[in-house]
Amino acid sequence: MTTAADVSAADVPTPPRIARGTGLDRAFEILCFSAATFLLTALGGIVISLAIGGWPAFEAFGFGFFTSSNWDPVQEIYGAAGAVTGTLVTATLALLFALPLAFGIAIFLVELCPPILRRTIGTAVELLAGIPSIVYGMWGLFVFAPWFAKHVQMPIMMSVEPGSFWEKITAGVPNGAGILSASIILAIMILPFIAATTRELLLTIPPQVRESAYGLGSTTFEVITKVSLPYIRTGAIGAVMLGLGRALGETMAVTFIIGNSHGFPTSIFASGSTIASTIANEFAEATDRLHSASLIALGLVLFVITFAVLALARLLIGRQVHA
Amino acid sequence: MFKRYLTAIVAAASLAGVGSAQAADISGAGATFPAPVYAKWAETYRAQTGNRLNYQAIGSGGGVRQITAGTVDFGATDKPLKPDDLAAGGFVMFPTVIGGVVPVVNLPGIKSGQVKLTGALTADIFRGVVKKWNDPLIAKFNPGVQLPNLPITVVHRSDGSGTTFLFTSYLAMKAPRWASEVGANDAVKWPTGLGGKGNDGVAAYVKQTPGAIGYVEYAFAKQNNLTYALLQNKAGKYVAPAAANFQAAAANANWKAAPGFYLLLLDQPGGEAWPITGATFILVKARQDDAANGREVLAFFDWAYKNGDGAAAQLDYLPMPAAVKDLVRKSWSKVTGPDGKPVYR
């Protein structure tokens, strides 16, 4: 008979526990709770003030605010369709351009890269994420646009068949500003974000998983496509959606390069506008009540679009987890 | 973390304390166009008198909103308020410095001042009716100038701006079609072309696009050596955008007949006058809650009228003619304290 078995837990001296709900513990709880609810209150406050501020526009134009692309500050007629289309088109194109590159960078860095290059490329990607958007705008306007006009836009515009569908969607002024240029700049901006997140996700894969796959005789390509990528699918969707969210709301860089004309963009080289660029352009000088109300209403529309994107991301992630 | 919050709170509180302790501080907000000269004036004024002026360049629209809300001592706007609006808001308005708008072009082989334009022709170009540089309508005013067979690309400001307001007001004045189809405002529904953000945005698009025409404010065109076009003025002469020509426009204007100094210096008489000239304006409340504060604001602008012309000229703004300054000083009697007496002099 050993005595050890007879020692009950109660006999072991434990440090005195701070009782729940008293003193520091309670204060900490309250602090955390108020931090969380503060954010929620702020969010609610923003939605409510946007709705109140934009109400005159919804009242004056009704559903037409969303379907008309007529934006005329002189006649005081405002329609959001042009800006909404511009926002969706540029963000989607940006995502299409950025996605393969970002995944390529992340996969290369984690699975294929010689260690000596890994740090350099990894740091470069992170630095790219740290560049302020106004710098992208200036670079886009003064460096990228002239180059793009000369080496991409002009050759394309000159080689398309007159009267064809391709001529229509590549019509425009050959100076490098427009929907496509804005999308490319946006792609460069969201690329490091998606690449860095995807890289982190790939690094979380336990080595055993990968090693087992190799052990079973898989090639590198098979490991990446059949093991690594499916493993991080959930997180990657989240990263992509957050990138899309950033593209939707990006303001300064787009304002510089998109050409800023209201109305439906009819070609990829046409100038257009996004919700954020329209607000940035006009809010400071909007003195008429309906003008500023319409801009605030645009803000609400952008909020709803971004919210929808994030909700979709949640939904996709949720489905992945339960599957 | 607590400490950081605490420091922030203490810092904010001490800032607020400083603000209320120094009554001589005046604050203004509004137009971006005159912001450099206001900043320069404020700096010199502080060196000479010790009084501070804090000016926030948030745009003319913002300036009007802030003075209406009473959060600043004065508002600044490039777009003058109509006499009715002045009365409704309870404001007194006066001009400070003059600037102008200049059409700039990018035509291979064409130098500054070689292309001549009229107001109506410019309106047709910006309306997208005249599409090519070798159009007979342009050639008619430019005999002997080899204009290329290039499509015209119109470049305009994308941001709401006093520059756009002056430019479109001028086009509306000279072309009835422009007035009825587009109109005049600090942002309009442009029939054609693309928008650059700010003067530099417009200038960049113009520089990058052969065949482009845009408009920028005079100081910007001068400092960046942009290729400008001559404009026909009311006297029928083609004039260049030069300091003397803006001053001619301001001097010839009839300020006495302009209630509340609501006056756009567009298409003014005189052989030298540049047709797209405009002043930038200050708004103060006609009835000041704090007479001493109101006095400080007017004292600053009185000082600027006396001592600020050199600084303005250096930055390529044009000072107001002396006669107009005297008229403005007289109008300040309308700015009164709570007791109904003028706050300044």
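Everything numeric here is computed off the predicted structure, so don't read it as measured data. Worth knowing before you read on, the calculation uses all heavy atoms, side chains too, and leaves out hydrogens, waters and symmetry mates. Each chain gets a letter, A, B and so on, in the order the sequences are listed, and its residues count up from 1.
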(message) Within this structure, what is the OG-CD1 distance for the pair A/S181 and A/I258, rounded to the nearest 0.5 Å?
(response) 9.0 Å
(message) Does any backbone or side-chain atom of B/K79 lie under 4.5 Å from a heavy atom of chain A? Answer side chain, backbone, both or neither.
(response) side chain
(request) Tell me, for A/A280 versus chain B, whether the close heavy atoms (under 4.5 Å) come from the side chain, the backbone, both or neither. (result) backbone
(message) ring pair (Phe, Tyr, Trp, His ring centres under 6.0 Å), that's the test. Do B/F33 and B/Y317 meet it? Break it down for me.
(response) CA-CA 10 Å; B/F33 157 67; B/Y317 299 89; 5.3 Å; yes
(request) Answer yes if the ring centres of B/F126 and B/F167 are under 6.0 angstrom apart, and no otherwise. (result) yes
(request) Would you sort out whether B/Y38 and B/Y55 count as a ring pair (Phe, Tyr, Trp, His ring centres under 6.0 Å), showing the intermediate values? (result) CA-CA 7 Å; B/Y38 292 171; B/Y55 183 73; 5.1 Å; yes
(message) Taking B/D159 first and then B/R157, would you say they form a salt bridge - that is, a charged N and a carboxylate O separated by under 4.0 Å?
(response) yes
(message) Given A/N260, which partner from the list A/N281, A/T255, A/T274 fulfils the side chain to side chain donor-acceptor pair (under 3.5 Å) test?
(response) A/N281
(request) Is it possible for you to check whether A/R289 lies under 6.0 Å from the centre of the six-membered ring of A/Y78, through NZ or CZ, and within 45° of that ring's axis? (result) no
(request) Pick one of side chain, backbone, both or neither for B/S161, based on which atoms fall under 4.5 Å of a heavy atom in chain A. (result) backbone
(request) For residues 42-62 of chain A, pull every pair meeting ring pair (Phe, Tyr, Trp, His ring centres under 6.0 Å), keeping only residues two or more places apart or in separate chains. (result) A/F58-A/F65, A/F58-A/F66
(request) Ignoring hydrogens and angles, state whether a donor on the side chain of A/W147 or A/Q153 is under 3.5 Å from an acceptor on the partner side chain. (result) no
(request) Identify which of B/G63, B/P151, B/G160 forms the greatest number of heavy-atom pairs closer than 4.5 Å to chain A. (result) B/G160
(request) Spell out the residues in residues 172-183 of chain B that have some non-hydrogen atom less than 4.5 Å away from a non-hydrogen atom of chain A, in order of number; otherwise answer 'none'. (result) B/S180, B/V182, B/G183
(request) Examine whether an atom of B/S60 lies under 4.5 Å from a heavy atom of chain A, and if so say whether it belongs to the side chain, the backbone or both; otherwise answer neither. (result) both
(message) With a 4.5 angstrom heavy-atom cut-off, is it the side chain or the backbone of B/V64 that approaches chain A, or both, or neither?
(response) side chain
(message) Please determine whether a side-chain nitrogen of the Lys or Arg among B/D135 and B/K132 lies less than 4.0 Å from a carboxylate oxygen of the Asp or Glu.
(response) no
(message) Heavy-atom cut-off 4.5 Å, strictly under: side chain, backbone, both or neither for B/A212 against chain A?
(response) neither
(message) Need one label for A/I257: side chain, backbone, both or neither, based on atoms under 4.5 Å from any heavy atom in chain B.
(response) backbone
